[in-house]
There are 2 protein chains.
Amino acid sequence: MPPHRGHLPQVEQPASLAELARTAIERAILAGTYLPGERLVEERLCEHLGISRPPLREALRQLSFTGIVEHTPRKGVRVMAMTQHDVYEILTFRRELERMALRLALPGLDPGRLDECRAALERMWPVAEAGDEGGLVAAGFEFHLSVIRLAHHKRIEQAFRSMSLQLQLCMAMNNRVRRDVEDLKGNVQRHEELLAVIVTEDRDRIEAAFDAHGNATFVRASLDELEGGSNQSAKWFAGFLDRH
Amino acid sequence: MPPHRGHLPQVEQPASLAELARTAIERAILAGTYLPGERLVEERLCEHLGISRPPLREALRQLSFTGIVEHTPRKGVRVMAMTQHDVYEILTFRRELERMALRLALPGLDPGRLDECRAALERMWPVAEAGDEGGLVAAGFEFHLSVIRLAHHKRIEQAFRSMSLQLQLCMAMNNRVRRDVEDLKGNVQRHEELLAVIVTEDRDRIEAAFDAHGNATFVRASLDELEGGSNQSAKWFAGFLDRH
DNA sequence: CTTTGCACTACTGTATACAGAAGACCGGAG
DNA sequence: CTCCGGTCTTCTGTATACAGTAGTGCAAAG
(Lines give C-alpha, C1' and ligand atoms only; values in the text may rest on other atoms or scores of the structure.)
Protein backbone atom coordinates (compact mmCIF):
# COMPACT_ATOMS: atom_id res chain seq x y z
CA MET A 1 0.00 0.00 0.00
CA PRO A 2 1.46 3.34 -1.01
CA PRO A 3 2.16 5.97 1.62
CA HIS A 4 -0.73 8.22 2.53
CA ARG A 5 -0.69 11.40 0.47
CA GLY A 6 -3.81 13.12 1.68
CA HIS A 7 -6.71 13.73 -0.65
CA LEU A 8 -6.00 14.85 -4.15
CA PRO A 9 -8.39 17.52 -5.31
CA GLN A 10 -11.17 15.94 -7.34
CA VAL A 11 -10.65 16.38 -11.06
CA GLU A 12 -13.31 18.75 -12.20
CA GLN A 13 -15.49 17.28 -14.90
CA PRO A 14 -15.90 19.43 -17.97
CA ALA A 15 -19.35 20.94 -17.69
CA SER A 16 -21.99 19.79 -20.12
CA LEU A 17 -23.87 22.30 -22.22
CA ALA A 18 -26.93 21.67 -20.09
CA GLU A 19 -25.04 22.73 -16.96
CA LEU A 20 -23.66 25.80 -18.63
CA ALA A 21 -27.08 26.72 -19.94
CA ARG A 22 -28.59 26.22 -16.50
CA THR A 23 -26.19 28.58 -14.78
CA ALA A 24 -26.54 31.10 -17.60
CA ILE A 25 -30.33 31.14 -17.37
CA GLU A 26 -30.10 31.16 -13.59
CA ARG A 27 -27.95 34.27 -13.65
CA ALA A 28 -30.19 35.94 -16.21
CA ILE A 29 -33.26 35.36 -14.08
CA LEU A 30 -31.57 36.55 -10.90
CA ALA A 31 -30.24 39.58 -12.75
CA GLY A 32 -33.75 40.48 -13.84
CA THR A 33 -33.19 39.85 -17.55
CA TYR A 34 -36.24 37.61 -17.51
CA LEU A 35 -39.05 38.90 -15.33
CA PRO A 36 -41.34 36.85 -13.08
CA GLY A 37 -44.14 35.27 -15.03
CA GLU A 38 -42.31 35.79 -18.31
CA ARG A 39 -42.45 32.93 -20.72
CA LEU A 40 -39.18 31.28 -21.69
CA VAL A 41 -39.45 30.11 -25.28
CA GLU A 42 -37.06 27.30 -26.03
CA GLU A 43 -36.05 28.32 -29.53
CA ARG A 44 -35.32 31.89 -28.45
CA LEU A 45 -33.09 30.72 -25.63
CA CYS A 46 -31.32 28.31 -27.97
CA GLU A 47 -30.51 31.15 -30.30
CA HIS A 48 -29.30 33.39 -27.48
CA LEU A 49 -27.16 30.69 -25.88
CA GLY A 50 -25.94 29.19 -29.13
CA ILE A 51 -26.93 25.63 -28.29
CA SER A 52 -29.56 23.21 -29.53
CA ARG A 53 -32.80 22.32 -27.85
CA PRO A 54 -32.02 19.01 -26.09
CA PRO A 55 -29.44 20.41 -23.64
CA LEU A 56 -31.54 23.53 -23.20
CA ARG A 57 -34.61 21.51 -22.31
CA GLU A 58 -32.56 19.62 -19.79
CA ALA A 59 -31.38 22.86 -18.24
CA LEU A 60 -34.97 24.09 -17.98
CA ARG A 61 -36.00 20.86 -16.31
CA GLN A 62 -33.23 21.23 -13.74
CA LEU A 63 -34.37 24.77 -13.05
CA SER A 64 -37.96 23.67 -12.64
CA PHE A 65 -36.82 21.27 -9.94
CA THR A 66 -35.12 24.07 -8.07
CA GLY A 67 -38.40 25.93 -8.26
CA ILE A 68 -37.33 29.12 -10.00
CA VAL A 69 -39.13 28.31 -13.22
CA GLU A 70 -42.47 26.62 -13.70
CA HIS A 71 -43.18 24.02 -16.34
CA THR A 72 -46.69 23.39 -17.65
CA PRO A 73 -47.24 20.52 -20.08
CA ARG A 74 -47.63 21.66 -23.65
CA LYS A 75 -47.55 25.28 -22.52
CA GLY A 76 -43.89 25.73 -21.91
CA VAL A 77 -41.81 27.25 -19.14
CA ARG A 78 -42.33 30.51 -17.27
CA VAL A 79 -40.22 32.30 -14.70
CA MET A 80 -41.79 31.62 -11.32
CA ALA A 81 -44.01 34.44 -10.14
CA MET A 82 -43.80 34.69 -6.37
CA THR A 83 -46.83 35.34 -4.26
CA GLN A 84 -46.68 36.46 -0.65
CA HIS A 85 -47.40 32.90 0.33
CA ASP A 86 -44.42 31.72 -1.69
CA VAL A 87 -42.20 34.17 0.15
CA TYR A 88 -43.59 32.88 3.42
CA GLU A 89 -42.89 29.31 2.34
CA ILE A 90 -39.35 30.01 1.27
CA LEU A 91 -38.43 31.89 4.41
CA THR A 92 -39.94 29.33 6.75
CA PHE A 93 -38.50 26.41 4.83
CA ARG A 94 -35.05 27.89 5.04
CA ARG A 95 -35.31 28.49 8.75
CA GLU A 96 -36.72 25.04 9.43
CA LEU A 97 -34.01 23.36 7.37
CA GLU A 98 -31.37 25.10 9.46
CA ARG A 99 -33.15 24.10 12.62
CA MET A 100 -33.33 20.54 11.32
CA ALA A 101 -29.64 20.43 10.45
CA LEU A 102 -28.59 21.74 13.82
CA ARG A 103 -30.84 19.33 15.69
CA LEU A 104 -29.16 16.46 13.89
CA ALA A 105 -25.66 17.90 14.20
CA LEU A 106 -25.83 18.69 17.87
CA PRO A 107 -24.86 15.52 19.73
CA GLY A 108 -21.14 15.66 19.14
CA LEU A 109 -20.45 18.54 16.80
CA ASP A 110 -17.88 17.56 14.15
CA PRO A 111 -14.77 19.70 14.83
CA GLY A 112 -13.65 19.44 11.21
CA ARG A 113 -16.91 20.79 9.88
CA LEU A 114 -16.87 23.48 12.54
CA ASP A 115 -13.52 24.61 11.17
CA GLU A 116 -15.17 24.97 7.79
CA CYS A 117 -17.74 27.26 9.39
CA ARG A 118 -14.95 29.36 10.84
CA ALA A 119 -13.21 29.49 7.49
CA ALA A 120 -16.41 30.57 5.75
CA LEU A 121 -16.88 33.26 8.35
CA GLU A 122 -13.34 34.52 7.87
CA ARG A 123 -13.94 34.84 4.16
CA MET A 124 -16.85 37.18 4.85
CA TRP A 125 -14.77 39.93 6.48
CA PRO A 126 -12.67 41.06 3.52
CA VAL A 127 -15.74 41.01 1.28
CA ALA A 128 -17.66 43.17 3.73
CA GLU A 129 -14.77 45.59 4.10
CA ALA A 130 -14.56 45.91 0.34
CA GLY A 131 -18.20 46.92 0.31
CA ASP A 132 -19.02 44.14 -2.15
CA GLU A 133 -22.71 43.65 -1.50
CA GLY A 134 -23.31 40.82 -3.96
CA GLY A 135 -20.16 39.09 -2.81
CA LEU A 136 -21.33 39.26 0.78
CA VAL A 137 -24.63 37.62 -0.08
CA ALA A 138 -22.70 34.78 -1.71
CA ALA A 139 -20.25 34.55 1.20
CA GLY A 140 -23.15 34.55 3.64
CA PHE A 141 -24.72 31.72 1.73
CA GLU A 142 -21.48 29.77 1.96
CA PHE A 143 -21.45 30.28 5.71
CA HIS A 144 -25.01 29.10 6.12
CA LEU A 145 -24.22 26.14 3.90
CA SER A 146 -21.27 25.23 6.10
CA VAL A 147 -23.63 25.29 9.07
CA ILE A 148 -26.05 23.01 7.25
CA ARG A 149 -23.16 20.68 6.47
CA LEU A 150 -22.54 20.19 10.18
CA ALA A 151 -25.33 17.64 10.02
CA HIS A 152 -23.49 15.39 7.52
CA HIS A 153 -26.83 15.08 5.76
CA LYS A 154 -26.75 15.19 1.97
CA ARG A 155 -30.51 15.39 1.59
CA ILE A 156 -30.84 18.38 3.86
CA GLU A 157 -27.94 20.00 2.09
CA GLN A 158 -29.52 19.47 -1.29
CA ALA A 159 -32.86 20.81 -0.13
CA PHE A 160 -31.10 23.85 1.25
CA ARG A 161 -29.19 24.48 -1.96
CA SER A 162 -32.22 24.45 -4.22
CA MET A 163 -34.23 26.42 -1.70
CA SER A 164 -31.60 29.12 -1.53
CA LEU A 165 -31.96 29.68 -5.27
CA GLN A 166 -35.58 30.54 -4.69
CA LEU A 167 -34.53 32.81 -1.85
CA GLN A 168 -32.17 34.61 -4.19
CA LEU A 169 -35.00 34.94 -6.68
CA CYS A 170 -37.15 36.49 -3.96
CA MET A 171 -34.49 39.01 -3.24
CA ALA A 172 -33.80 39.68 -6.90
CA MET A 173 -37.45 40.50 -7.46
CA ASN A 174 -37.29 43.33 -5.03
CA ASN A 175 -33.61 43.96 -5.43
CA ARG A 176 -33.82 47.35 -3.83
CA VAL A 177 -33.93 45.26 -0.64
CA ARG A 178 -30.70 45.41 1.32
CA ARG A 179 -29.61 48.45 -0.66
CA ASP A 180 -28.30 51.21 1.57
CA VAL A 181 -30.04 49.76 4.58
CA GLU A 182 -27.65 46.90 5.29
CA ASP A 183 -24.59 47.49 7.39
CA LEU A 184 -22.19 45.04 5.81
CA LYS A 185 -19.88 44.68 8.76
CA GLY A 186 -22.87 44.37 11.05
CA ASN A 187 -24.02 41.54 8.84
CA VAL A 188 -20.78 39.64 9.35
CA GLN A 189 -20.94 40.43 13.06
CA ARG A 190 -24.36 38.79 13.26
CA HIS A 191 -22.98 35.65 11.62
CA GLU A 192 -20.05 35.64 13.99
CA GLU A 193 -22.38 35.70 16.97
CA LEU A 194 -24.29 32.83 15.40
CA LEU A 195 -21.18 30.70 15.26
CA ALA A 196 -20.31 31.63 18.83
CA VAL A 197 -23.68 30.30 19.95
CA ILE A 198 -23.33 27.12 17.91
CA VAL A 199 -20.15 26.07 19.67
CA THR A 200 -21.99 26.14 23.00
CA GLU A 201 -23.99 23.13 21.70
CA ASP A 202 -26.98 24.41 23.66
CA ARG A 203 -29.93 23.56 21.47
CA ASP A 204 -32.35 26.11 22.87
CA ARG A 205 -29.91 28.98 22.66
CA ILE A 206 -28.96 27.99 19.12
CA GLU A 207 -32.53 27.82 17.92
CA ALA A 208 -33.30 31.17 19.50
CA ALA A 209 -30.25 32.72 17.89
CA PHE A 210 -31.20 31.40 14.45
CA ASP A 211 -34.76 32.60 14.83
CA ALA A 212 -33.47 36.05 15.71
CA HIS A 213 -30.95 35.96 12.87
CA GLY A 214 -33.61 34.96 10.38
CA ASN A 215 -35.90 37.71 11.53
CA ALA A 216 -33.12 40.28 11.27
CA THR A 217 -32.65 39.29 7.64
CA PHE A 218 -36.21 38.71 6.65
CA VAL A 219 -37.93 41.51 8.52
CA ARG A 220 -35.94 44.03 6.59
CA ALA A 221 -36.43 42.24 3.31
CA SER A 222 -40.14 41.80 3.75
CA LEU A 223 -40.67 45.29 5.06
CA ASP A 224 -39.02 46.68 1.98
CA GLU A 225 -41.08 44.45 -0.20
CA LEU A 226 -44.20 45.71 1.47
CA GLU A 227 -43.29 49.38 1.56
CA GLY A 228 -46.36 51.33 0.58
CA GLY A 229 -48.20 48.05 0.47
CA SER A 230 -51.84 47.55 1.22
CA ASN A 231 -53.23 46.74 4.63
CA GLN A 232 -53.64 43.23 3.33
CA SER A 233 -49.90 42.88 2.92
CA ALA A 234 -49.14 44.36 6.28
CA LYS A 235 -51.67 42.12 7.90
CA TRP A 236 -50.20 39.06 6.26
CA PHE A 237 -46.75 40.05 7.31
CA ALA A 238 -47.78 40.72 10.89
CA GLY A 239 -49.37 37.32 10.96
CA PHE A 240 -46.21 35.80 9.62
CA LEU A 241 -44.11 37.34 12.35
CA ASP A 242 -46.60 36.41 15.05
CA ARG A 243 -46.65 32.81 14.08
CA HIS A 244 -42.91 32.51 13.94
CA MET B 1 -71.53 36.82 -12.69
CA PRO B 2 -72.85 33.29 -13.05
CA PRO B 3 -74.14 31.45 -9.98
CA HIS B 4 -71.53 29.61 -7.91
CA ARG B 5 -71.27 25.99 -8.96
CA GLY B 6 -68.49 24.77 -6.75
CA HIS B 7 -65.21 23.65 -8.21
CA LEU B 8 -65.19 21.60 -11.34
CA PRO B 9 -62.72 18.75 -11.17
CA GLN B 10 -59.54 19.76 -12.96
CA VAL B 11 -59.34 18.29 -16.42
CA GLU B 12 -56.60 15.75 -16.29
CA GLN B 13 -53.87 16.44 -18.78
CA PRO B 14 -52.92 13.52 -20.99
CA ALA B 15 -49.64 12.30 -19.63
CA SER B 16 -46.53 12.80 -21.69
CA LEU B 17 -44.33 9.87 -22.61
CA ALA B 18 -41.75 11.14 -20.16
CA GLU B 19 -44.23 10.92 -17.29
CA LEU B 20 -45.36 7.47 -18.32
CA ALA B 21 -41.76 6.32 -18.62
CA ARG B 22 -40.95 7.78 -15.22
CA THR B 23 -43.71 5.91 -13.43
CA ALA B 24 -42.89 2.73 -15.33
CA ILE B 25 -39.23 2.86 -14.35
CA GLU B 26 -40.19 3.85 -10.82
CA ARG B 27 -42.38 0.79 -10.48
CA ALA B 28 -39.73 -1.45 -11.99
CA ILE B 29 -37.12 -0.25 -9.53
CA LEU B 30 -39.43 -0.57 -6.54
CA ALA B 31 -40.47 -4.02 -7.73
CA GLY B 32 -36.85 -5.07 -7.82
CA THR B 33 -36.63 -5.52 -11.59
CA TYR B 34 -33.59 -3.28 -11.54
CA LEU B 35 -31.31 -3.85 -8.58
CA PRO B 36 -29.46 -1.23 -6.55
CA GLY B 37 -26.28 -0.15 -8.28
CA GLU B 38 -27.42 -1.60 -11.58
CA ARG B 39 -26.74 0.50 -14.60
CA LEU B 40 -29.70 1.75 -16.61
CA VAL B 41 -28.70 1.92 -20.26
CA GLU B 42 -30.81 4.36 -22.21
CA GLU B 43 -31.16 2.41 -25.43
CA ARG B 44 -32.16 -0.74 -23.60
CA LEU B 45 -34.88 1.07 -21.69
CA CYS B 46 -36.08 2.72 -24.89
CA GLU B 47 -36.50 -0.66 -26.49
CA HIS B 48 -38.30 -2.09 -23.47
CA LEU B 49 -40.63 0.88 -23.12
CA GLY B 50 -41.15 1.42 -26.83
CA ILE B 51 -40.24 5.10 -26.80
CA SER B 52 -37.35 7.15 -28.09
CA ARG B 53 -34.47 8.55 -26.10
CA PRO B 54 -35.48 12.17 -25.49
CA PRO B 55 -38.56 11.42 -23.34
CA LEU B 56 -36.65 8.60 -21.66
CA ARG B 57 -33.78 10.87 -20.74
CA GLU B 58 -36.22 13.33 -19.30
CA ALA B 59 -37.78 10.59 -17.20
CA LEU B 60 -34.35 9.59 -15.90
CA ARG B 61 -33.60 13.18 -14.99
CA GLN B 62 -36.81 13.43 -13.03
CA LEU B 63 -35.93 10.25 -11.19
CA SER B 64 -32.45 11.52 -10.39
CA PHE B 65 -34.02 14.54 -8.72
CA THR B 66 -36.16 12.30 -6.55
CA GLY B 67 -32.96 10.55 -5.58
CA ILE B 68 -33.77 6.98 -6.56
CA VAL B 69 -31.35 6.92 -9.45
CA GLU B 70 -27.93 8.48 -9.67
CA HIS B 71 -26.64 10.29 -12.72
CA THR B 72 -22.92 10.63 -13.41
CA PRO B 73 -21.82 12.77 -16.35
CA ARG B 74 -20.73 10.69 -19.32
CA LYS B 75 -21.14 7.52 -17.29
CA GLY B 76 -24.86 7.16 -17.34
CA VAL B 77 -27.51 6.39 -14.78
CA ARG B 78 -27.48 3.79 -12.02
CA VAL B 79 -30.10 2.71 -9.53
CA MET B 80 -29.20 4.32 -6.24
CA ALA B 81 -27.34 1.99 -3.92
CA MET B 82 -28.26 2.79 -0.35
CA THR B 83 -25.72 2.83 2.41
CA GLN B 84 -26.60 2.72 6.07
CA HIS B 85 -25.99 6.42 6.20
CA ASP B 86 -28.49 6.93 3.38
CA VAL B 87 -31.10 5.02 5.34
CA TYR B 88 -30.33 7.18 8.35
CA GLU B 89 -30.71 10.30 6.25
CA ILE B 90 -34.00 9.25 4.71
CA LEU B 91 -35.57 8.24 8.00
CA THR B 92 -34.49 11.38 9.80
CA PHE B 93 -35.42 13.63 6.92
CA ARG B 94 -38.88 12.17 6.82
CA ARG B 95 -39.39 12.59 10.53
CA GLU B 96 -38.05 16.14 10.52
CA LEU B 97 -40.26 17.12 7.59
CA GLU B 98 -43.30 15.94 9.49
CA ARG B 99 -42.17 17.80 12.56
CA MET B 100 -41.63 20.88 10.42
CA ALA B 101 -45.06 20.65 8.81
CA LEU B 102 -46.81 20.26 12.14
CA ARG B 103 -44.93 23.15 13.70
CA LEU B 104 -46.12 25.39 10.90
CA ALA B 105 -49.65 23.99 10.86
CA LEU B 106 -50.25 24.21 14.56
CA PRO B 107 -51.48 27.72 15.27
CA GLY B 108 -55.00 27.33 13.98
CA LEU B 109 -55.31 23.91 12.41
CA ASP B 110 -57.26 24.07 9.15
CA PRO B 111 -60.50 22.09 9.72
CA GLY B 112 -60.86 21.35 6.03
CA ARG B 113 -57.45 19.79 5.80
CA LEU B 114 -58.09 17.90 9.02
CA ASP B 115 -61.12 16.34 7.34
CA GLU B 116 -58.83 15.16 4.58
CA CYS B 117 -56.71 13.45 7.22
CA ARG B 118 -59.79 11.72 8.58
CA ALA B 119 -60.82 10.65 5.09
CA ALA B 120 -57.36 9.25 4.40
CA LEU B 121 -57.49 7.34 7.65
CA GLU B 122 -60.90 5.91 6.81
CA ARG B 123 -59.55 4.64 3.51
CA MET B 124 -56.92 2.67 5.40
CA TRP B 125 -59.35 0.37 7.22
CA PRO B 126 -60.83 -1.57 4.31
CA VAL B 127 -57.39 -2.01 2.80
CA ALA B 128 -56.05 -3.40 6.06
CA GLU B 129 -59.02 -5.74 6.46
CA ALA B 130 -58.48 -7.01 2.95
CA GLY B 131 -54.92 -7.88 3.94
CA ASP B 132 -53.54 -5.85 1.05
CA GLU B 133 -50.06 -5.10 2.28
CA GLY B 134 -48.90 -3.01 -0.65
CA GLY B 135 -52.16 -1.11 -0.67
CA LEU B 136 -51.76 -0.31 3.00
CA VAL B 137 -48.33 1.14 2.44
CA ALA B 138 -49.81 3.39 -0.24
CA ALA B 139 -52.78 4.32 1.93
CA GLY B 140 -50.45 5.05 4.83
CA PHE B 141 -48.45 7.31 2.60
CA GLU B 142 -51.61 9.16 1.64
CA PHE B 143 -52.42 9.66 5.31
CA HIS B 144 -48.97 11.01 6.11
CA LEU B 145 -49.22 13.24 3.08
CA SER B 146 -52.52 14.63 4.29
CA VAL B 147 -50.83 15.42 7.60
CA ILE B 148 -48.03 17.20 5.77
CA ARG B 149 -50.62 19.16 3.83
CA LEU B 150 -51.97 20.62 7.06
CA ALA B 151 -49.13 23.10 6.81
CA HIS B 152 -50.35 24.54 3.47
CA HIS B 153 -46.73 24.46 2.40
CA LYS B 154 -46.06 23.33 -1.14
CA ARG B 155 -42.31 23.15 -0.69
CA ILE B 156 -42.52 20.89 2.31
CA GLU B 157 -45.05 18.77 0.49
CA GLN B 158 -42.81 18.42 -2.52
CA ALA B 159 -39.80 17.54 -0.39
CA PHE B 160 -41.89 14.93 1.38
CA ARG B 161 -43.15 13.41 -1.85
CA SER B 162 -39.73 12.90 -3.38
CA MET B 163 -38.31 11.74 -0.06
CA SER B 164 -41.00 9.11 0.32
CA LEU B 165 -39.97 7.58 -3.01
CA GLN B 166 -36.55 7.03 -1.52
CA LEU B 167 -38.16 5.54 1.54
CA GLN B 168 -40.07 3.11 -0.64
CA LEU B 169 -36.82 2.22 -2.34
CA CYS B 170 -35.26 1.52 1.04
CA MET B 171 -38.08 -0.81 1.87
CA ALA B 172 -38.04 -2.44 -1.54
CA MET B 173 -34.38 -3.27 -1.13
CA ASN B 174 -35.10 -5.38 1.89
CA ASN B 175 -38.64 -6.23 0.93
CA ARG B 176 -38.85 -9.00 3.42
CA VAL B 177 -39.34 -6.11 5.83
CA ARG B 178 -42.91 -5.83 7.07
CA ARG B 179 -43.65 -9.32 5.81
CA ASP B 180 -45.45 -11.41 8.41
CA VAL B 181 -44.27 -9.16 11.19
CA GLU B 182 -46.66 -6.28 10.60
CA ASP B 183 -50.11 -6.38 12.08
CA LEU B 184 -52.08 -4.53 9.44
CA LYS B 185 -54.94 -3.44 11.66
CA GLY B 186 -52.49 -2.46 14.36
CA ASN B 187 -50.82 -0.29 11.77
CA VAL B 188 -54.05 1.58 11.08
CA GLN B 189 -54.65 1.81 14.80
CA ARG B 190 -51.31 3.55 15.26
CA HIS B 191 -52.23 6.09 12.61
CA GLU B 192 -55.61 6.65 14.24
CA GLU B 193 -53.91 7.46 17.53
CA LEU B 194 -51.64 9.86 15.69
CA LEU B 195 -54.61 11.78 14.35
CA ALA B 196 -56.19 11.82 17.78
CA VAL B 197 -53.10 13.50 19.18
CA ILE B 198 -52.94 16.00 16.34
CA VAL B 199 -56.37 17.41 17.07
CA THR B 200 -55.24 18.27 20.61
CA GLU B 201 -52.95 20.88 19.00
CA ASP B 202 -50.45 20.26 21.79
CA ARG B 203 -47.09 20.58 20.08
CA ASP B 204 -45.07 18.58 22.57
CA ARG B 205 -47.50 15.68 22.64
CA ILE B 206 -47.68 15.66 18.85
CA GLU B 207 -43.93 15.60 18.40
CA ALA B 208 -43.60 12.83 20.95
CA ALA B 209 -46.30 10.81 19.21
CA PHE B 210 -44.66 11.19 15.82
CA ASP B 211 -41.27 10.24 17.20
CA ALA B 212 -42.79 7.11 18.68
CA HIS B 213 -44.69 6.37 15.48
CA GLY B 214 -41.58 6.77 13.40
CA ASN B 215 -39.61 4.51 15.67
CA ALA B 216 -42.34 1.87 15.55
CA THR B 217 -42.06 1.85 11.78
CA PHE B 218 -38.36 2.22 11.42
CA VAL B 219 -37.11 0.12 14.26
CA ARG B 220 -38.77 -2.90 12.79
CA ALA B 221 -37.59 -2.04 9.30
CA SER B 222 -34.03 -1.43 10.34
CA LEU B 223 -33.85 -4.42 12.62
CA ASP B 224 -34.97 -6.61 9.79
CA GLU B 225 -32.42 -5.05 7.54
CA LEU B 226 -29.76 -5.76 10.09
CA GLU B 227 -30.81 -9.25 11.02
CA GLY B 228 -27.70 -11.32 11.27
CA GLY B 229 -25.72 -8.18 10.60
CA SER B 230 -22.26 -7.42 11.85
CA ASN B 231 -21.48 -5.66 15.08
CA GLN B 232 -20.71 -2.66 12.95
CA SER B 233 -24.29 -2.49 11.75
CA ALA B 234 -25.73 -3.01 15.19
CA LYS B 235 -23.47 -0.35 16.56
CA TRP B 236 -24.52 2.10 13.91
CA PHE B 237 -28.14 1.36 14.50
CA ALA B 238 -27.82 1.74 18.25
CA GLY B 239 -26.20 5.08 17.68
CA PHE B 240 -29.02 6.07 15.41
CA LEU B 241 -31.61 5.27 18.02
CA ASP B 242 -29.65 6.97 20.77
CA ARG B 243 -29.31 10.17 18.88
CA HIS B 244 -32.96 10.36 17.98
C1' DC C 1 -72.77 44.13 -30.98
C1' DT C 2 -71.80 39.65 -29.25
C1' DT C 3 -70.61 35.08 -30.08
C1' DT C 4 -69.21 31.04 -32.35
C1' DG C 5 -66.57 28.57 -35.66
C1' DC C 6 -62.52 28.14 -38.42
C1' DA C 7 -57.99 28.64 -40.05
C1' DC C 8 -53.35 29.99 -39.17
C1' DT C 9 -49.22 30.51 -36.53
C1' DA C 10 -46.04 29.27 -33.17
C1' DC C 11 -44.39 26.40 -29.95
C1' DT C 12 -43.71 22.01 -27.44
C1' DG C 13 -43.31 16.85 -27.65
C1' DT C 14 -41.04 13.21 -29.97
C1' DA C 15 -38.07 10.76 -33.28
C1' DT C 16 -33.83 9.96 -35.81
C1' DA C 17 -28.93 10.77 -36.65
C1' DC C 18 -24.19 11.85 -35.66
C1' DA C 19 -19.95 13.01 -32.78
C1' DG C 20 -17.11 12.10 -28.96
C1' DA C 21 -15.83 10.08 -24.62
C1' DA C 22 -15.36 6.05 -21.39
C1' DG C 23 -14.48 1.34 -20.54
C1' DA C 24 -13.14 -3.44 -22.16
C1' DC C 25 -10.31 -6.37 -24.38
C1' DC C 26 -6.21 -7.85 -26.53
C1' DG C 27 -1.43 -7.71 -27.73
C1' DG C 28 3.30 -6.81 -26.69
C1' DA C 29 7.22 -5.39 -23.82
C1' DG C 30 9.76 -5.62 -19.49
C1' DC D 1 3.93 -13.36 -15.23
C1' DT D 2 2.77 -8.56 -14.79
C1' DC D 3 1.95 -4.24 -16.54
C1' DC D 4 1.49 -0.84 -19.96
C1' DG D 5 -0.31 0.78 -24.40
C1' DG D 6 -3.51 0.71 -28.16
C1' DT D 7 -7.63 -0.37 -30.53
C1' DC D 8 -12.42 -1.31 -30.60
C1' DT D 9 -17.03 -1.27 -28.94
C1' DT D 10 -20.62 0.82 -26.51
C1' DC D 11 -23.01 4.36 -24.71
C1' DT D 12 -23.88 9.24 -23.64
C1' DG D 13 -24.08 14.15 -25.26
C1' DT D 14 -25.74 16.97 -28.87
C1' DA D 15 -27.87 18.37 -33.26
C1' DT D 16 -31.50 18.37 -36.67
C1' DA D 17 -36.11 17.25 -38.28
C1' DC D 18 -40.98 16.26 -38.02
C1' DA D 19 -45.67 15.81 -35.86
C1' DG D 20 -49.24 17.42 -33.08
C1' DT D 21 -51.37 20.67 -30.02
C1' DA D 22 -52.51 25.22 -27.96
C1' DG D 23 -53.41 29.91 -28.61
C1' DT D 24 -54.79 33.87 -31.65
C1' DG D 25 -57.13 36.45 -34.88
C1' DC D 26 -60.58 36.98 -38.26
C1' DA D 27 -64.84 36.31 -40.32
C1' DA D 28 -69.58 35.26 -40.39
C1' DA D 29 -73.94 34.39 -38.18
C1' DG D 30 -77.34 35.37 -34.63
Side-chain angles (χ1 to χ4, degrees), chain A residues 1-2 8 10-26 28-29 33-65 68-81, chain B residues 1-3 8-26 28-29 33-65 68-81:
Chain A
M1 185 172 164
L8 287 172
Q10 288 284 72
V11 290
E12 59 182 75
Q13 303 282 10
S16 69
L17 288 184
E19 302 264 334
L20 295 173
R22 179 173 62 79
T23 58
I25 298 169
E26 218 171 85
I29 291 175
T33 308
Y34 302 116
L35 298 175
E38 185 173 344
R39 189 160 167 208
L40 296 179
V41 179
E42 297 183 354
E43 285 187 355
R44 303 275 169 77
L45 286 176
C46 287
E47 204 163 349
H48 287 324
L49 297 171
I51 62 174
S52 69
R53 281 183 59 212
L56 179 91
R57 279 173 68 87
E58 193 175 310
L60 290 177
R61 275 299 148 77
Q62 290 181 31
L63 290 175
S64 78
F65 274 100
I68 71 173
V69 304
E70 190 180 16
H71 175 90
T72 313
R74 285 172 293 280
K75 294 179 73 176
V77 170
R78 311 185 88 92
V79 178
M80 182 69 78
Chain B
M1 185 172 164
L8 287 172
Q10 287 283 73
V11 289
E12 60 182 73
Q13 304 281 12
S16 69
L17 288 184
E19 302 264 335
L20 295 173
R22 180 172 61 80
T23 58
I25 299 169
E26 219 171 85
I29 291 176
T33 308
Y34 302 115
L35 297 175
E38 183 173 346
R39 189 160 167 209
L40 296 179
V41 179
E42 296 182 355
E43 285 186 355
R44 303 274 168 78
L45 286 176
C46 288
E47 203 164 348
H48 287 323
L49 296 171
I51 62 174
S52 68
R53 282 183 57 212
L56 179 92
R57 280 173 67 87
E58 193 175 309
L60 289 177
R61 273 299 149 77
Q62 290 181 30
L63 290 175
S64 78
F65 274 100
I68 71 174
V69 304
E70 191 180 16
H71 174 91
T72 312
R74 285 171 293 280
K75 294 179 73 175
V77 170
R78 312 185 88 91
V79 178
M80 183 69 78

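Just so it is clear: chains get the letters A, B, ... in the order the sequence lines come, proteins before strands, and each one is counted from 1.
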Check every strand shown and say whether A/Leu40 touches a base, only sugar-phosphate, or nothing at a heavy-atom separation below 4.0 Å.
->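 It contacts sugar-phosphate atoms only.
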With the sugar-phosphate defined as primed atoms, P, OP1 and OP2, and the base as all remaining atoms, what B/S/- string results for nucleotides 16-22 of chain C, 5' to 3', for protein heavy atoms under 4.0 Å?
-> BB---SS
Heavy-atom side-chain proximity of A/Leu40 to A/Val79 below 4.5 angstrom | yes
Does the side chain of B/Glu42 come within less than 4.5 Å of B/Leu56's, by heavy atoms?
->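 Yes. Closest side-chain heavy atoms under 4.5 Å.
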Output the rounded distance in Å from [atom1] ([X]) to [atom2] ([N]).
X       : N      : atom1 : atom2 : answer
B/Leu56 : C/dG13 : CG    : P     : 16 Å
A/Gln62 : D/dG13 : CD    : C1'   : 13 Å
B/Glu38 : D/dC11 : CD    : C1'   : 16 Å
B/Glu47 : D/dT10 : CD    : P     : 14 Å
B/Glu19 : C/dT12 : CD    : C1'   : 14 Å
B/Leu60 : C/dT14 : CG    : C1'   : 16 Å
A/Arg78 : D/dG23 : CZ    : P     : 10 Å

Of the nucleotides D/dG13, C/dC11, D/dT14, which one has an atom closest to the side chain of B/His71?
-> D/dG13
Of the nucleotides D/dT12, C/dT14, C/dC11, which one has an atom closest to the side chain of B/Arg57?
->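 The answer is D/dT12.
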For A/Thr23, does its backbone N or O pair with a side-chain atom of A/Glu26 as donor and acceptor, under 3.5 Å?
->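 The answer is no, because no donor-acceptor pair under 3.5 Å joins these two groups.
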Please say whether more than 12 non-hydrogen atoms of neighbouring residues, nucleotides or ligands are located less than 6.0 Å from CZ in B/Arg74.
-> yes
Give, for atom OH of A/Tyr34 and atom CZ of A/Arg78, the distance between the pair rounded to the nearest 0.5 Å.
-> 14.5 Å
Taking 4.0 angstrom as the limit, do A/Glu19 and A/Arg22 come out as a salt bridge?
->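 Between A/Arg22 and A/Glu19 there is a salt bridge, with a charged N closer than 4.0 Å to a carboxylate O.
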